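So the structure is just underneath, and the comments pick up after that.
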Number of protein chains: 2
Amino acid sequence: MNDTEWLRLDRQICFSLHAASRAFNGVYRVILKDLGLTYPQYLVMLVLWEQGDLPVKKLGEQLRLDSGTLSPLVKRLEGAGLVRRERSAEDERSVLVQLTEDGAALRERALEVPRRIMSATGFDLAEIVDLRARLDQLTSALDAAAEAEARAAR
Amino acid sequence: MNDTEWLRLDRQICFSLHAASRAFNGVYRVILKDLGLTYPQYLVMLVLWEQGDLPVKKLGEQLRLDSGTLSPLVKRLEGAGLVRRERSAEDERSVLVQLTEDGAALRERALEVPRRIMSATGFDLAEIVDLRARLDQLTSALDAAAEAEARAAR
DNA sequence: CACAACTAAGTTGTGCACAACTAAATGGCT
DNA sequence: AGCCATTTAGTTGTGCACAACTTAGTTGTG
């Protein structure tokens, strides 16, 4: 394979990934519109529904998002009345994000989302699980490589 | 599978995809830093290197991006001296994006990017090509579904 | 105890994605 | 020719991602 072909392949792969990510986002956008949530906000709500109230720090660890992204996002959820934020008494640095009644109730309406997404992909459960495994593998390889690249750059 | 398990699975899949997309972005960010390009800017440059000067419209079709995203992005590329923008003489609505000498020359330095990305993924060529096929399949299913959902919402 | 190192959250600034809108040019139709 | 629908860019506003920085609280060490 020559240089030109490599660049072409890179363009195709970049594009495929970028497009897939945006397409997923687009489907969630349409489906989540009913719930008044964006895709990242839905991710936060999913974690809270599953694990209960959490400090911003823990949320960030679960979702690999930093406070620069989470702080304003959680504030918007608070503005929508879905969560409350409360300074922890033991450690005043920490802010506990708590579901409100509305936030907890929204879970009922969210229960149909996964099925709608599944059917939107046209994949069956096994394919989804396989894809997920592959993506996770990719992510850990990429995270490690980014770390190595960053180290090399120093 | 009960509701709770569906929500958990959805969380896992959402997260995997979201994380993979961001991890890819992160690796490109580090590697492209040397070239002074962001990931979406690199995508635009790849198309221009491959296909020569193009109107904004054609760029948008290739990358599935609208003018709201492309206009400021191309302006930044122009600011960096990599492209020129020029109103078409035949059709004054159209703006032709042209590579400058610097823009064309940058291609030489970009030639190493695909190999570095490949090695960052830890995947071999066959796996990459397979993943790409799967992602494309997913994207077209999702695009069709989003369209159907949007239609249903009307 | 005092002070340095660290930690959690938030702020600021840049860039991208996308919806909704505007402005200008074009092309078709009567 | 005159008018209207369409097309192409661009603008505006919202939200997310992330780097760099700030602020305030906590912890460890001399």
Side-chain angles (χ1 to χ4, degrees), chain A residues 14-15 17-30 32-33 36-44 54-61 63-80 85-97 143 146 150 153, chain B residues 14-15 17-30 32-33 36-44 54-61 63-80 85-97 143 146 150 153:
Chain A
C14 283
F15 173 73
L17 199 95
H18 208 60
S21 163
R22 281 158 46 217
F24 240 99
N25 219 302
V27 171
Y28 273 103
R29 192 195 332 280
V30 174
L32 293 175
K33 201 172 182 178
L37 293 175
T38 66
Y39 182 39
Q41 287 167 9
Y42 173 64
L43 286 172
V44 169
L54 287 175
V56 174
K57 181 72 199 307
K58 293 282 180 195
L59 269 178
E61 283 169 10
L63 302 169
R64 290 185 213 241
L65 290 172
D66 67 9
S67 66
T69 300
L70 276 178
S71 287
L73 191 159
V74 171
K75 277 195 180 178
R76 279 186 284 270
L77 289 178
E78 188 179 37
R85 291 181 311 142
E86 196 174 296
R87 285 273 160 199
S88 160
E90 312 91 68
D91 185 343
E92 296 252 335
R93 292 169 303 180
S94 176
V95 169
L96 192 64
V97 181
D143 279 348
Chain B
C14 283
F15 174 74
L17 199 94
H18 208 61
S21 163
R22 281 158 47 216
F24 240 99
N25 220 303
V27 171
Y28 273 103
R29 191 195 331 280
V30 174
L32 293 175
K33 201 172 184 182
L37 293 174
T38 66
Y39 182 39
Q41 288 167 9
Y42 174 64
L43 286 172
V44 169
L54 287 174
V56 173
K57 182 71 198 308
K58 293 283 178 191
L59 269 178
E61 283 170 8
L63 301 170
R64 290 185 214 245
L65 291 172
D66 67 8
S67 66
T69 301
L70 276 178
S71 288
L73 190 159
V74 170
K75 278 195 179 179
R76 278 186 285 272
L77 289 177
E78 189 181 36
R85 291 182 311 141
E86 197 174 296
R87 284 274 160 197
S88 160
E90 312 90 69
D91 186 343
E92 296 253 335
R93 291 171 303 183
S94 175
V95 167
L96 192 63
V97 181
D143 279 349

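Both backbone and side-chain heavy atoms feed into the values below; hydrogens, waters and symmetry mates do not. A, B, ... follow the sequence lines: proteins, then strands. Residue 1 opens every chain. None of these values were measured; they are calculated from a predicted model.
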Nearest heavy atoms of A/V44 and A/L77, plus distance in Å: CG1-CD1, 3.7 Å

Pair assignment for D/dG30, Watson-Crick or G-U wobble, requiring both distances under 3.5 Å: C/dC1

Touch class at under 4.0 angstrom, heavy-atom based, for B/T38 against every strand present: sugar-phosphate

Sugar-phosphate only, base, or nothing, as touched by A/E90 at under 4.0 Å among non-hydrogen atoms: sugar-phosphate

Nearest to side-chain heavy atoms of A/R29, which nucleotide of D/dC18, C/dA9, C/dC18: C/dC18

Under-4.0 Å side-chain N/O to phosphate OP1/OP2 contact, B/K33 with D/dC18: no

Derivation and outcome, side-chain contact (heavy atoms from CB on, under 4.5 Å), residues A/K33 and A/R29: CA-CA 6 Å; A/K33 201 172 182 178; A/R29 192 195 332 280; over 6 Å; no

B/R22 and A/L65, any side-chain heavy atoms less than 4.5 Å apart: yes

Sugar-phosphate only, base, or nothing, as touched by A/S67 at under 4.0 Å among non-hydrogen atoms: base

Rounded distance in Å - CG (B/N25) to P (D/dC18): 7 Å

Nucleotide of D/dC18, C/dA17, D/dT7 approaching B/R93 most closely (side-chain heavy atoms): D/dT7

Phosphate OP1/OP2 of C/dG10: any A/R85 side-chain N/O under 4.0 Å: yes

Sugar-phosphate, base or nothing in reach of A/D91, heavy atoms under 4.0 Å: sugar-phosphate

N/O (side chain, A/K75) to phosphate O (OP1/OP2, C/dT11) under 4.0 Å: yes

Sugar-phosphate, base or nothing in reach of B/P55, heavy atoms under 4.0 Å: sugar-phosphate

D/dA9 OP1/OP2 closer than 4.0 Å to side-chain N/O of B/S94: yes

Any donor-acceptor N or O pair under 3.5 Å, side chains A/S21, B/S21: yes

Touch class at under 4.0 angstrom, heavy-atom based, for A/L73 against every strand present: sugar-phosphate

A/Q41 CD - C/dA17 P separation (whole Å): 19 Å

Sugar-phosphate only, base, or nothing, as touched by B/L65 at under 4.0 Å among non-hydrogen atoms: sugar-phosphate

